[in-house]
Protein chains: 2
Amino acid sequence: MAIPQSDEFNILMNKRPNLQQCADPQTECIACPIRKMALFRGVPEEELGWTQEFRDAQYLLPARETLYREGDIAHSIYTLFDGWVILFKILDNGKRQILRFVLPGDFFGFQVNGTGAGAGYTHGAQALVGSTLCVFPRTRLRSMMEKQPQLAIGLAEMGMHDMTLCQHHLIGTGRKNARESIAFLLLELFYRVRMQMQNGFDEATDSIIFPLTQEDIGDAIGLTSVHVNRVLKEMEREELIRCQRKRLTILGEETLMEIGQFDPGMIAPKELV
Amino acid sequence: MAIPQSDEFNILMNKRPNLQQCADPQTECIACPIRKMALFRGVPEEELGWTQEFRDAQYLLPARETLYREGDIAHSIYTLFDGWVILFKILDNGKRQILRFVLPGDFFGFQVNGTGAGAGYTHGAQALVGSTLCVFPRTRLRSMMEKQPQLAIGLAEMGMHDMTLCQHHLIGTGRKNARESIAFLLLELFYRVRMQMQNGFDEATDSIIFPLTQEDIGDAIGLTSVHVNRVLKEMEREELIRCQRKRLTILGEETLMEIGQFDPGMIAPKELV
DNA sequence: CCGATTAATTGATTTAAATCAATAAAACGG
DNA sequence: CCGTTTTATTGATTTAAATCAATTAATCGG
């Protein structure tokens, strides 16, 4: 049975043809299990009806589909409700640099070039696995923030968090070798998944769903997939990790943390004093 | 003649021993020539007396002095009024990664680890040349933003700008070679200086004051100073740049932009719609 | 379940940049 | 101006990672 599709949905589909409408019922902001980590973290409960109204709807993005490309007009901004999304940039020579791994609760799509409603995304976005998105109109963000300063504070706090991650990736590509960078990235994603979502993390085996290919890892860290493979294999031989069937298990957490110079404190959400 | 020093100054000096009190008169926020680019960009003129009161004072940081180290308790946040400051992180192996070049109008010092008043800076800060700083107490930032949402919006906008720069540095270290990264960095700094400040840029020769050593360049891009030297020398031989006596001239702007894949649009200040 | 595509694995070879090692040239503090 | 300390420069050698080239193992769509 076909799901009836709203006008707004059809308009959005013209802009973002890969999105699929969610089956109802959709999660309300007030009942949202990830709200405390997400954009509306600081907004008081009694105001949530109002933020709810700001939100367009929830949509599904199938695995491997592109949400938007660099340069596309940025009509929407997004909160990832469930799944994995990567933000990346393709260089002239065809090489790809992954800029950010988006996990549930993360907000994205607000980095644009240019001014006004016609500004374009500075990067592309693509799902690694089937993902659910909360969609918001970008052009109302500023007026929303003026009315509700908690929203602006939340955005600034999330921006600080994203910046910390980006700076650590810069440190990795700039001044760490392959083994160190890879150890760091695996731990970062492991901790983020364990902290941010209920599903994905399996307590029994201390493992997470890990949908990255070795090429994805390389494109995040600035290595070729061949070299990533060699390092991962070596780590498996050393019983530091197990990485197969899209599942990652951390066996030697202490050792990996030393190798990667990883401090779990960096994963903690940022809060303005 | 010694400048009389206030109580607040003496308290600050215990925390930041390298700062020197400015000779009066200090620049008032309302008369600040860089305000339109800085933190108080969106704050209406009639509110500036109030923001002025938030500000501690202006201080001098001599060339090569450290403002703070990673882990220091983050009492203050800063706007650079004049000069050049670098933010960096030192790894366990002693290597340094420069995270950001701070130019006049830029806001910094708010990236911290931990919560509350005792949180510590995630990075160190050091002056490349004698610099003037506007100092603010970090612990009042949130309440300021709640009272004046324009401040939060300004912070979010500046955060977007910083993020764009950080992502481009990541792209450079991750997926560009030495020649491409260096071309990009030189152009980025050239454009930022030309855009942000009156002094520093010399219209007659189309050159800027450029206080970085070749080691600084390397630590920003993830290269050794030896290799930076070879690439710079080659670029000089090709008449693309002139880089001597702490002054940088761009001779082959078009060619450099192609080499570095540099788009001046990325330098433009970000604005929320 | 099955052919087709995508991802992982491994070996051989090359290369961009690091490292090692000296000088030469600037900048700095009295 | 002068000795001292930083920076810049250049050559010789090494190395971490890239590239090239197959082959094997998974995953996917019907």
Side-chain angles (χ1 to χ4, degrees), chain A residues 62-65 84 86 91 93-98 126-130 172-183 185-186 209-237 241-248 259, chain B residues 62-65 84 86 91 93-98 126-130 172-183 185-186 209-237 241-248 259:
Chain A
R64 269 166 256 96
E65 294 290 337
W84 284 71
I86 51 173
L91 305 208
N93 54 24
K95 288 178 181 166
R96 180 179 67 154
Q97 175 67 47
I98 292 180
Q126 186 178 11
L128 291 181
V129 297
T173 54
R175 287 290 181 227
K176 287 180 184 169
N177 64 26
R179 190 174 160 83
E180 294 164 344
S181 289
I182 290 176
L185 181 68
L186 297 182
I209 293 171
F210 190 78
L212 313 206
T213 66
Q214 294 178 356
E215 194 169 353
D216 292 332
I217 296 175
D219 284 350
I221 283 179
L223 301 168
T224 59
S225 62
V226 173
H227 198 61
V228 169
N229 180 271
R230 289 194 233 269
V231 174
L232 285 179
K233 280 275 122 181
E234 195 189 28
M235 286 178 169
E236 287 188 348
R237 276 195 297 277
I241 58 167
R242 186 154 37 244
C243 188
Q244 44 195 249
R245 306 305 204 89
K246 301 290 164 204
R247 189 159 272 286
L248 169 69
I259 293 170
Chain B
R64 271 168 255 93
E65 294 290 337
W84 284 71
I86 52 173
L91 304 207
N93 54 25
K95 288 177 181 165
R96 179 179 69 154
Q97 175 67 48
I98 291 179
Q126 186 178 13
L128 291 181
V129 297
T173 54
R175 287 292 182 226
K176 286 179 184 170
N177 64 27
R179 190 174 161 84
E180 294 164 345
S181 289
I182 289 175
L185 181 68
L186 297 182
I209 293 172
F210 190 77
L212 313 205
T213 65
Q214 294 177 357
E215 193 168 355
D216 293 332
I217 296 175
D219 284 349
I221 284 179
L223 300 169
T224 58
S225 61
V226 173
H227 198 60
V228 169
N229 181 272
R230 289 195 233 268
V231 174
L232 285 180
K233 279 276 122 181
E234 195 188 29
M235 286 180 168
E236 287 188 347
R237 275 196 297 278
I241 59 168
R242 184 151 42 240
C243 188
Q244 43 195 246
R245 305 305 203 90
K246 301 291 164 203
R247 188 158 273 286
L248 169 70
I259 293 171

Original post:
Given atom NZ of A:K246 and atom C1' of C:dA8, what is their separation to the nearest angstrom?
Top reply: 10 Å
Original post:
Excluding sequence neighbours, so at least two apart, what forms side chain to side chain donor-acceptor pair (under 3.5 Å) with A:T213?
Top reply: A:D216
Subject >> Between C1' of C:dT6 and CG of A:L212, the distance in whole Å >> reply: 16 Å
Original post:
With sequence neighbours excluded, what pairs up with B:Q126 under the side chain to side chain donor-acceptor pair (under 3.5 Å) test?
Top reply: none
Original post:
Ignoring hydrogens and geometry, is there a side-chain-to-backbone donor-acceptor pair from A:E236 to A:C243 under 3.5 Å?
Top reply: yes
Original post:
Which residues in residues 217-227 of chain B have at least one heavy atom lying under 4.0 Å from any atom of DNA chain C?
Top reply: B:G222, B:L223, B:T224, B:V226, B:H227
**OP:** Take the protein atom CD of B:Q214 and the nucleotide atom P of D:dT10, then report the distance between them rounded to whole Å.
**Re:** 10 Å
Subject >> Rounded interatomic separation in angstrom, taking CD from B:E65 and P from C:dC28 >> reply: 14 Å
Counting only pairs under 3.5 Å, give me each side-chain donor-acceptor contact of residues 221-232 of chain B, with atom names and distances, residues two or more places apart or in other chains.
{"residue": "B:T224", "atom": "OG1", "partner": "B:H227", "partner atom": "N", "Å": "3.3"}
{"residue": "B:N229", "atom": "ND2", "partner": "B:Q214", "partner atom": "OE1", "Å": "2.9"}

Original post:
Do the side-chain N or O atoms of B:N229 get closer than 4.0 angstrom to the phosphate oxygens (OP1, OP2) of D:dA8?
Top reply: no
Original post:
Hey, does A:R242 have a side-chain heavy atom less than 4.5 Å from the side chain of A:L248?
Top reply: no
Original post:
Just how far, in rounded Å, is C1' of D:dA16 from CD of A:E180?
Top reply: 12 Å
**OP:** Grab the CZ-C1' distance between B:R175 and C:dA17 for me, whole Å please.
**Re:** 16 Å
Original post:
Over how many whole Å does the gap from B:F210 atom CZ to D:dT7 atom C1' extend?
Top reply: 14 Å
Subject >> Of all pairs that satisfy salt bridge (Lys or Arg N to Asp or Glu O under 4.0 Å), the ones with a partner from residues 217-228 of chain B, not counting sequence neighbours >> reply: A:R175-B:D219, B:R96-B:D219
Original post:
Using a cut-off of 4.0 Å on non-hydrogen atoms, how would the nucleic acid contact of B:R64 be classed: base, sugar-phosphate, or nothing?
Top reply: sugar-phosphate
Original post:
Taking only residues two or more places apart in sequence or in another chain, which ones pass side chain to side chain donor-acceptor pair (under 3.5 Å) with B:R64?
Top reply: none
Original post:
How close or far is atom P of D:dA17 from atom NZ of A:K95, stated in whole angstroms?
Top reply: 15 Å
**OP:** Would you kindly compare B:E215 and A:R245 by the position of their nearest DNA chain D nucleotide and give the one closer to the 5′ end?
**Re:** B:E215
**OP:** Give the nucleotide from the list D:dA18, D:dG11, C:dA8 with an atom nearest to the side chain of B:R230.
**Re:** D:dG11
